There are 2 protein chains.
Amino acid sequence: METIEQVLESRSIRVTAMRMLIYKFLAEKEVAVTLSDIENAFVKADRTTLYRTIKTFEEKAIVHQIDDGTGITKYALCEQGCNCDIKTDLHLHFHCNNCNETICLTDHKIPQIKVPDGFVSENVNLVVKGICDKCSG
Amino acid sequence: METIEQVLESRSIRVTAMRMLIYKFLAEKEVAVTLSDIENAFVKADRTTLYRTIKTFEEKAIVHQIDDGTGITKYALCEQGCNCDIKTDLHLHFHCNNCNETICLTDHKIPQIKVPDGFVSENVNLVVKGICDKCSG
DNA sequence: ATAATAATTGCACTTCCATTGCATTGGTTT
DNA sequence: AAACCAATGCAATGGAAGTGCAATTATTAT
């Protein structure tokens, strides 16, 4: 089991208290979070710091951005083996219309999508919307 | 061939000059447009009017909203037989990373996506990103 | 250890898009 | 023509994303 420090260092991200806390927060969440969510969890920290921390994590492929159609960008920790930095990596996310939460379905692969002649597919954003397991129960 | 008036009336949308112009603009565009695009095309009209017209069209299922991941909402006329009002209707859009345009690929159906037990799929948002036919040529 | 250097954080501000309240105009109906 | 309701225009707000700069903190070199 890797420690948070090791994760950060392995991606050449300097270890700071703030970054460790944010990483921990993301790791404990099982759903994707917005910047506001993080803001509310760390009221003492400045919004900009949180914003830039997430951006750093994103650049270093520790976190990936999710566009679930709500208009607000969400973020989630990349799973072990997630190649968010590679453009051809396929994400599948589920957005619950009831509780408004977005979940990474990492073990559900996206089928190959055919595009017309002349079009080159580089990336696919697939969001399934509906009712999640907690809300449908 | 239906006239614009007929289209609007059949959806119980009152026919006004503004609405006809906006409908015509959308019909002539082969790509999805942003509110700003419409704004630039109708400099004399107020932004709010354009915004509300689009919202009206959306409610009446004449136009559908597209979230292509650029962060800016885009709109496009629904095709003949498009059931945007029905939640189970599946959209497929292509966003060009080069020219930044978004195209509806209405004749490309989305394959059935499996979701885990307990999850109920109501809708799927699928955006393929890459290079469009014009830019790849 | 201390100075020099570089990265991180916090504050203030800006920009952009989406949205709403309210007054005014314009079209329908009786 | 009067009354009514919808559509339009103006002004303003809210929220999220992003940037510049100063202050702080950590790292490196002397």
Side-chain angles (χ1 to χ4, degrees), chain A residues 4-26 32-60 62-76 95 100 102, chain B residues 4-5 7-26 32-60 62-76 95 100-102:
Chain A
I4 299 179
E5 285 98 326
Q6 286 171 337
V7 172
L8 297 180
E9 277 168 2
S10 71
R11 311 286 178 125
S12 55
I13 299 173
R14 271 179 149 163
V15 177
T16 68
M18 200 72 251
R19 285 173 177 171
M20 284 180 61
L21 285 171
I22 295 175
Y23 186 95
K24 193 157 171 287
F25 176 75
L26 291 170
V33 299
T34 65
L35 198 57
S36 295
D37 291 335
I38 305 176
E39 224 182 322
N40 293 333
F42 299 95
V43 283
K44 290 198 291 185
D46 186 76
R47 178 187 178 80
T48 315
T49 304
L50 304 173
Y51 173 75
R52 285 200 257 239
T53 300
I54 284 290
K55 285 291 164 194
T56 303
F57 284 2
E58 216 187 323
E59 278 167 23
K60 304 294 184 177
I62 279 186
V63 152
H64 67 271
Q65 194 172 329
I66 302 162
D67 172 19
D68 63 7
T70 55
I72 301 162
T73 306
K74 294 186 180 174
Y75 304 92
H95 176 73
N100 204 33
T102 299
Chain B
I4 299 179
E5 285 97 327
V7 172
L8 296 181
E9 277 168 1
S10 70
R11 312 286 177 123
S12 55
I13 300 173
R14 269 183 154 162
V15 178
T16 68
M18 199 72 254
R19 286 174 175 171
M20 286 181 62
L21 284 171
I22 295 176
Y23 186 95
K24 194 158 172 286
F25 175 75
L26 291 170
V33 298
T34 66
L35 197 58
S36 295
D37 290 336
I38 304 176
E39 224 182 324
N40 292 335
F42 298 95
V43 284
K44 288 197 290 186
D46 186 75
R47 179 187 177 80
T48 313
T49 304
L50 304 173
Y51 172 76
R52 285 201 255 239
T53 300
I54 284 290
K55 287 291 163 193
T56 302
F57 284 2
E58 216 186 322
E59 278 166 23
K60 305 292 185 179
I62 280 186
V63 152
H64 66 270
Q65 193 171 329
I66 302 161
D67 173 19
D68 63 7
T70 56
I72 301 161
T73 306
K74 293 186 179 175
Y75 305 91
H95 175 73
N100 203 34
E101 286 194 342
T102 298

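The chains referred to below are lettered A, B, ... by the order of the sequence lines, with proteins before strands, and numbering in each begins at 1. Note that the structure is a prediction, hence the values are computed from the model and not measured.
Picking from C:dT8, D:dA7, D:dG9 the nucleotide with the shortest atom distance to the side chain of A:T16 gives C:dT8. The B:S36 side chain lies nearest to C:dC17 when the options are C:dA18, C:dT8, C:dC17. Checked against D:dA7, C:dT20, C:dT8, the side chain of B:T48 finds its nearest nucleotide in C:dT20. Residue A:D46 has its side chain nearest to C:dC11 when only C:dC11, C:dA18, D:dT8 are considered.
When each of A:D67, A:D37, A:D68 is checked for a side chain to side chain donor-acceptor pair (under 3.5 Å) with A:K74, only A:D68 meets the rule.
A heavy atom lying under 4.0 Å from DNA chain D marks the following residues of residues 51-58 of chain A, by number: A:Y51, A:R52, A:K55.
Between A:R14 and D:dA26 there is no side-chain N or O to OP1 or OP2 distance below 4.0 Å. Distances shorter than 4.0 Å separate none of the side-chain N or O atoms of B:R47 from OP1 or OP2 on D:dA11.
When heavy atoms are screened at a 4.0 angstrom cut-off, B:T34 is found touching no nucleic acid atom at all.
Listed here is the closest heavy atom pair of A:L50 and A:E39: CD1-CA, 3.6 Å. When all heavy atoms are compared, the tightest approach of A:L35 to A:Y51 is CD2-CD1, 3.7 Å.
What separates NZ of B:K60 from P of D:dA7 is a distance of 9 Å, to the nearest Å. Protein atom CE of A:M18 is 16 Å distant from nucleotide atom C1' of D:dA26, rounded to whole Å. Across the protein-nucleic acid pair, B:I22 atom CD1 and D:dG9 atom P stand 9 Å apart, rounded to whole Å. Between B:L50 atom CG and D:dA7 atom P the separation is 15 Å, expressed in whole Å.
Residues B:R19 and B:F57 meet the side-chain proximity criterion, which asks for heavy atoms closer than 4.5 Å. Residues A:T49 and A:I22 fail the side-chain proximity criterion, which asks for heavy atoms closer than 4.5 Å. Counting only heavy atoms from C-beta outward, the side chains of A:Q65 and A:K55 approach each other to under 4.5 Å.
Nearest-nucleotide positions on DNA chain C for B:K74 and B:V15 put B:K74 closer to the 5' end.
Checked against side chain to side chain contact (heavy atoms under 4.5 Å, CB included), B:I72 has the following partners two or more places apart in sequence or in another chain: B:T34, B:T70.
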